[in-house]
Every structure is written in structure tokens, then in C-alpha cells.
Amino acid sequence: MAIMLAGTSMTAQGYAPAATDAAADEWAAKTEAQMTDDERFSILHGIMPILIGPYANPELKTKWPDDLVPGAGYIMGVPRLGVPSLRETDASLGVTNPFGIRKGDTATALPAGLAIGASFNPELAFAGARAVASEARAKGFNVLLGGGINLVRDPRNGRNFEYISEDPLLSGIMGAEAVKGAQSVGVVSTVKHFSLNSNETNRHTWNAEIDEAAHRESDLLAFQIAIERGQPGSVMCAYNIVNGAPACGNDHLLNNVLKKDWRYKGWVMSDWGAVSSADFAVKGLDQQSGQQLDKQVWFDAPLKAKLADGSLPRERLSDMVKRILRSMKANGLVDAGAAPAVDMKKHAEIAREIARQGIVLLKNNAGALPLAANVGSVAVIGRNAHVGVLSGGGSSQGLPPSGWAASIPIGGGEGSMASWRVERWFAGAPQAALKAALPKAEVRFDPGLYPQDAAALAARSDVAIVFVSKYEAEGFDSPDLSLPGNQDAIVEAAVAANPNTIVVLQTGNPVAMPWRDKVKAIVAAWYPGQEGAAAIADVLTGKVNPSGRLPISFPATMETQPRPTIPSYGTPDRTEVTVRMNEGSDVGYRWNASNGIKALYPFGHGLSYTRFAASGLKVDGSTASLTVRNTGDRAGATVVQLYLMGRGAETKQRLVAFQRIELASGTERKVDLNIDPRLLADWSGKGWTIPAGEYRFALGENAETVGPPIRVKMKQRTWRD
Ligand code: BGC
């Protein structure tokens with residue numbers, strides 16, 4: 001990779017080293033002991049400091065604190081004790097600027113989380129988050145509301161584009177690196193949304209029912225891995241309900257699992273508008289965020305009353321405060337100096353690199369790609385391919401330095417997110433990028449309005465590239481996997497007129513693609529971020545050899561999936577619904593394996609312009625090794641995927657290790673992998689158990705195309721978290 005991703009010395013860039021755990025605990029205890037109760041309560045809740053839009057809080061205008069930075073959240077500090085205010089910004093895909101509140105303020109806009117997941121490259125997750133966090137710091141923020149790692153349980157969920165994958169190991173490892181990258185510049189990062197925020201439909205009243213073991217082996221495992229490796233200063237609890245108790249007032253999830261079993265030392269902040277009682281404090285919530293979105297400032301007067309009547313023990317109050325303070329100290333917020341300047345050019349390169357490594361080549365017949373350097377004429381077809389690339393909507397929506405090329409209010413729908421539902425296209429057009437990459441070719445454009453026009457242009461071009469897209473946004477699911485409008489008809493028309501048709505998807509989810517057998521090649525670009533157009537051109541023209549792998553399964557039909565339709569879809573917002581997660585821990589490819597279902601494109605799938613061969617696989621149950629060789633004629637990267645395929649007679653598929661490796665043509669490398677034992681184990685009240693027996697492991701090109709199994713006899717083993 002051409003750019004330097006990690007490894008640059010933090011201090012050399014001006015970021016002070018954070019305090020040790022012991023120093024953080026000590027400072028938190030000492031400082032908390034000196035606080036008055038009013039000071040203690042003051043840091044347990046805060047506002048969403050936005051003066052325009054639906055969350056306007058004009059009453060604050062008169063007492064707007066000096067150190068406030070308008071954004072997602074603000075919690076005033078205690079200056080006399082050196083406790084800084086918390087200045088929070090959204091973050092997963094770039095520093096956001098909700099409703100343009102910071103006039104003209106732009107930030108690097110990264111590709112979708114799914115693109116980061118598709119790279120299978122933890123270094124890139126680190127680099128992306130570090131870039132975002134350093135911009136956040138330079139703007140005055142010190143908390144990054146990043147680390148969205150909910151597992152993709154439903155391919156229609158409107159927020160999947162913000163998340164990483166359907167797999168706990170991949171999401172956990174990438175989530176951890178994102179946290180580490182952010183916290184390396186002296187800010188706190190969250191992981192969110194804890195837990196099972198798998199759909200946007202009725203997200204405040206959606207009661208996800210799941211067995212404890214299934215939860216521990218899936219979504220909770222992703223959080224556990226991200227937390228133990230990444231040490232986020234804060235965990236954001238979710239809007240939804242889990243087994244009857246709101247996630248932000250869920251004694252079991254917050255107190256038993258997170259704080260007792262996992263010994264988590266940071267603080268739990270609520271999602272914005274997720275608190276409905278002061279009781280949540282006793283159930284494990286430490287801080288109420290965006291308080292004007294809740295019916296009451298529960299963590300002030302009502303919580304004070306609880307302290308007075310004894311239902312909030314004093315030790316718990318101290319614990320809440322100390323958790324916040326220790327994360328501040330541990331991550332350098334207390335001793336923060338001036339923020340170093342940021343290198344926006346380097347950040348743009350990181351955005352481009354994530355897009356490049358996240359793009360997945362789904363299909364490539366007869367070497368349709370890369371485009372021949374001497375191609376004479378290219379038809380670029382599809383809505384907005386002449387202006388920009390699509391981004392996802394909601395609280396993660398960014399405004400890049402080059403701006404939005406188009407901003408289309410979608411409106412409609414209910415709930416607080418309706419006003420955020422604006423379809424935005426980042427400047428940087430695929431048509432122009434292709435033109436620049438193929439200077440000798442004639443690159444013409446058709447907007448994809450009418451099949452006849454698309455067909456006419458395709459017919460008189462050497463190759464037709466159809467850009468199809470599907471806008472997704474926080475607050476909304478889509479009913480199915482179809483592409484909206486007449487986009488399928490446009491592709492059909494183009495390919496009927498010119499068999500040399502290639503489709504580029506810009507989506508935040510899998511899509512159905514009824515024309516997939518007819519077209520020559522399909523490229524999944526997700527929402528590719530501010531440098532997306534150039535990255536797409538890099539891959540189409542072969543400047544970059546594609547290496548992305550699907551972080552989510554593309555289902556052939558929803559009929560065979562755990563929920564063929566979304567429960568309560570289409571009902572008025574906040575309709576109560578209980579949804580049994582009947583797939584349990586068998587999320588995505590695991591479900592397909594257990595039920596003998598073939599995906600349209602499986603998890604882990606992705607093609608390259610070169611070929612790789614693996615040999616000498618050895619697995620002993622806790623480690624594995626093999627040699628990978630690039631047998632093709634150009635440099636490229638592959639992702640080694642090691643799967644557990646089954647135990648004894650049981651089919652039980654689990655990705656147990658992965659590694660992305662880059663190899664020059666004709667070279668090879670030995671790869672060593674560690675297997676996390678939790679992926680072989682069953683969880684029960686006693687902890688994790690690996691039952692004695694025979695375990696089958698296999699290398700996979702993807703979850704469905706796997707090599708011969710290696711059988712390993714394993715002894716029984718039981719351990720606690
Ligand atoms: C989202 C969070 C976000 C928060 C603050 C909520 O709507 O669910 O992910 O961090 O808003 O903007």
C-alpha cells in the first residue's frame with residue numbers, strides 16, 4: 001500500500017500519551033471525592049447542542065458555554081477540579097455537521113462501514129478512525145460517537161451501511177481497531193449500539209428476544225472482542241428493547257454482562273432519546289445523552305430524588321461519576337494540550353484507500369474487467385453518475401471538503417429521523433473519473449431515465465457501465481432487496497443492447513440483481529465516500545486490483561432468511577413489536593450453512609484480477625498456518641479465511657481467523673493465524689465450553705467455496721469470560 005496507515009509515532013505528531021489505567025483510576029477516585037453532589041449530577045447528563053432543526057434548544061442561547069462546540073452532545077465539566085467538558089461528535093464515517101450547524105465546516109467523509117468491513121484490513125479501520133478523530137480534535141471535540149458494530153442480521157436494515165459485517169470476529173476486530181485509532185489521538189471513542197439494534201423499524205419499541213447463549217455467541221461476542229482489544233472509553237446503549245428491558249435500562253446487559261462478566265471500566269452513555277426513567281441509573285446506565293430528546297432530564301432532579309430516598313445507592317452515584325472521569329483521564333482528555341494540525345490531503349488518501357480496498361468484484365466474466373486501456377468508447381449510464389457518489393443518511397452523514405453535488409430531501413416516514421432523510425451525493429463524478437483514467441476513450445453519459453435512451457447509448461459504445469444505487473438512511477428500513485425506480489429495467493435494456501455491460505452498485509445493503517446472469521461484470525462499491533469516484537475508476541481500469549470481500553451475505557431470496565418480511569414494517573412509528581431472533585447465533589452465512597441455503601453471493605466472496613493458491617494448511621485447534629502464493633501475473637491482495645465447518649456430525653460454520661495479505665506476482669508468504677477459542681465453544685451460564693470431539697476446519701475462498709476439511713480432535717475445555 002502506498003500510504004502510511006498506522007505506526008506513525010503519536011508523540012511525534014503532537015498527541016500526548018494517555019494515562020495508565022492505575023493513574024486514571026487514582027485521578028478519578030481523588031477527583032470524585034472532592035465533588036459536590038451538584039457537580040456529580042452535572043456530568044451525568046447533557047444536551048444535544050444544536051440550535052436549528054428539530055432539536056433546537058433556543059433556551060440555551062443565553063447560557064451557551066464558552067467551550068461548547070455545536071454537534072451531537074455536550075456535557076459541562078467541572079473546571080475547578082480540572083474536569084473537562086465532554087464535546088461529542090458523530091463520527092463513524094467522518095466528523096458530522098448536523099443541519100450545517102457549524103457553518104461551512106467540512107470533514108473527510110469516509111466510505112461506508114461495510115467498505116471498511118469488506119477490506120478485512122484492521123490497519124485501515126485504525127487509520128480511518130484516527131483520521132476522523134484527529135479532525136474531531138482539531139474542531140474541539142473530545143468524544144467520538146463511532147464504533148458502530150451491530151451485526152448485520154437483516155439485509156434491509158437502513159443502518160447496515162454504518163456497520164461492519166454480519167460476523168462477530170470481523171466486526172469485533174475491526175471495531176477494536178477503529179476504537180484504538182480514534183483513541184490514539186487523545187479522544188474517547190464509543191462502541192455502539194449495545195445491543196441488537198438490528199433494524200430501524202420501530203427502533204424505540206422493537207423488543208428483540210434472544211436466548212442468552214445465542215446472544216453471547218453473536219452480537220455480544222462482537223462487542224466483547226471490540227471492548228477487550230480496543231478499550232473504548234464509553235459504550236453507547238441502543239434504542240431497542242432486549243428481552244423485555246430497554247437496552248439502556250437493561251440490568252442484565254449493562255450490569256451483569258458488560259460490567260461484571262467483562263469487567264468493563266468505562267462508562268455507558270445512552271443513545272439520543274433512549275432514556276425513559278431515572279431507574280436506568282440503577283440498571284447500569286451512567287450518563288443520559290441528548291437530554292432534550294427524552295421526555296425528562298431523568299438524570300438530574302428525578303435521580304437526585306432517588307439518592308435522597310435511598311433507591312440510588314451513594315456508591316452507585318460515585319461509580320457513575322468515576323467511570324466517566326477515568327475514561328477522560330485514561331484517554332488524555334484531562335491533560336489535553338492544543339490539538340495538532342491535521343493533514344487533510346493524507347486523510348483523503350486514506351478515504352480513497354478504504355474505498356479501493358472495500359470495493360468487491362462480485363462477477364467478472366471472460367475478463368470483462370479491467371477495462372482495456374485502448375477501449376474506444378464507454379457509455380456511463382445511471383442516475384447522478386455525472387455528478388457524484390451516493391452516501392448514506394442519518395446521524396453519520398458527513399459534509400466533505402468538496403461538498404455535496406446533490407442534496408435531495410426525501411421526506412416522508414415518521415419519527416424524528418424523517419427530517420434527516422436527505423439523499424446526498426458527494427462531489428466527484430464517476431463519469432469524470434473514468435474520463436480522467438481513460439483519456440483516449442470517448443466517455444458519454446445517459447442519466448438512466450428511460451430504457452430506450454440507455455439502450456441507444458449502450459448500443460453505440462464498446463462497453464456500457466451502468467451505475468445503480470439505493471439510498472439507505474438511519475430511521476428507515478427498506479421493505480425488500482429491490483433497486484428503487486426503474487433501475488433494473490435500465491440494466492436490462494443496456495445489456496440487451498450491448499452484452500458488454502458492467503454494473504456498479506452503490507448500495508448500503510445487498511440487492512437482488514435479477515439481471516446478474518446477463519451482465520459481464522458486477523462491482524459492489526457500497527457508499528464509497530468522498531474519494532469514491534476515483535477509487536471506482538481505479539478498480540475498473542485495473543490501476544487497483546480489487547481485493548474486497550463481502551462482509552455480508554447477499555441472499556438469493558428473503559424467503560429462506562430468518563424473517564422473510566420485517567415484523568411490524570409499515571406500522572406507525574413506535575408501534576410495539578416483539579421479534580424473536582430465531583436465527584439465534586446463526587447470523588448470515590452461519591444461518592445459510594445450518595440450513596443448507598446457497599447465497600446469491602456468499603460472505604467472504606470477492607474476485608481479483610490475479611489468482612492465489614494456498615498450500616500446507618496445518619490446524620491444531622488454537623493456531624493455523626499455511627502458505628499463500630500469487631500464481632497470477634499481477635500483484636494483488638487476498639483474504640485468507642479459515643472456517644470451522646462443523647463439530648462431530650454437527651454443521652457449525654464460524655469464521656475463526658482471517659488475514660489480508662498483499663503479494664507480488666509469483667511470490668508466496670507463510671501465514672500464521674490464531675483461533676479465538678470462543679468461536680469453537682458454546683456459551684452457558686458457566687461460561688464457555690469446547691466440548692470434546694472432532695472439529696473440522698477448512699480454508700475458504702468464501703463461506704461457501706471451501707477446501708478439504710482438516711480434522712482436529714479436541715479435549716473438553718471450560719472457562720469463564
Ligand atoms: C444515533 C447514534 C448517534 C446519536 C447522536 C442517534 O440517533 O442512533 O448513533 O450517535 O444519534 O447523533
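When a ligand or atom number is given, it counts from 1 through the structure's own listing order. The figures here come from the full heavy-atom set of this structure, side chains too, leaving out hydrogens, waters and symmetry mates. All values reported here derive from a predicted model rather than from experimental measurement. For the single chain, residues carry numbers from 1 onward in sequence order.
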- Message: Looking at ligand 1, would E88 count as a contact under a 4.0 Å heavy-atom criterion?
- Response: no
- Message: Checking side-chain polar atoms at under 3.5 Å, does T108 have a donor or acceptor matched by the opposite partner on E135?
- Response: yes
- Message: Give me the atom names and distance for the closest heavy-atom approach of P168 to E217.
- Response: CG-O, 4.0 Å
- Query: Any idea which protein heavy atom is nearest atom 10 (O) of ligand 1, and the distance to it?
  - Reply: D90 OD1, 2.7 Å
- Which protein non-hydrogen atom lies closest to atom 11 (O) of ligand 1, naming both residue and atom, and how far is it? D271 OD1, 3.6 Å
- Note on the structure: Per-atom filter on ligand 1: closer than 4.0 angstrom to a heavy atom of E474 are 1 (C), 6 (C), 7 (O), 8 (O)
- Task: Would you mind listing which atoms of ligand 1 come within a distance below 4.0 Å of any non-hydrogen atom of L145?
- Result: 10 (O)
- Task: Verify the neighbour count for atom CD of Q296: are there more than 12 heavy atoms of other residues, nucleotides or ligands below 6.0 Å?
- Result: yes
- Note on the structure: Test ring-ring contact (aromatic ring centres under 6.0 Å, His included), reference F161, set Y527, Y471, F476, output is Y527
- Item | Backbone or side-chain N or O of W272 under 3.5 Å from ligand 1 N or O | no
- Message: Parallel, tilted or perpendicular, judged at 30° and 60°: which one describes the rings of Y239 and H204?
- Response: tilted
- Query: Between the side chains of D154 and S198, does any donor sit under 3.5 Å from an acceptor?
  - Reply: no
- Task: Take every heavy atom of R203, measure it against each atom of ligand 1, and state whether any distance is under 4.0 Å.
- Result: yes
- Message: So, 4.0 Å and heavy atoms of R159: is ligand 1 close enough to count as a contact?
- Response: yes
- Query: Which atom pair, heavy atoms only, marks the closest approach of N160 to P155?
  - Reply: ND2-CA, 3.8 Å
- Which of the atoms of ligand 1 are close to K192, meaning less than 4.0 Å from one of its heavy atoms? 2 (C), 3 (C), 9 (O), 10 (O)
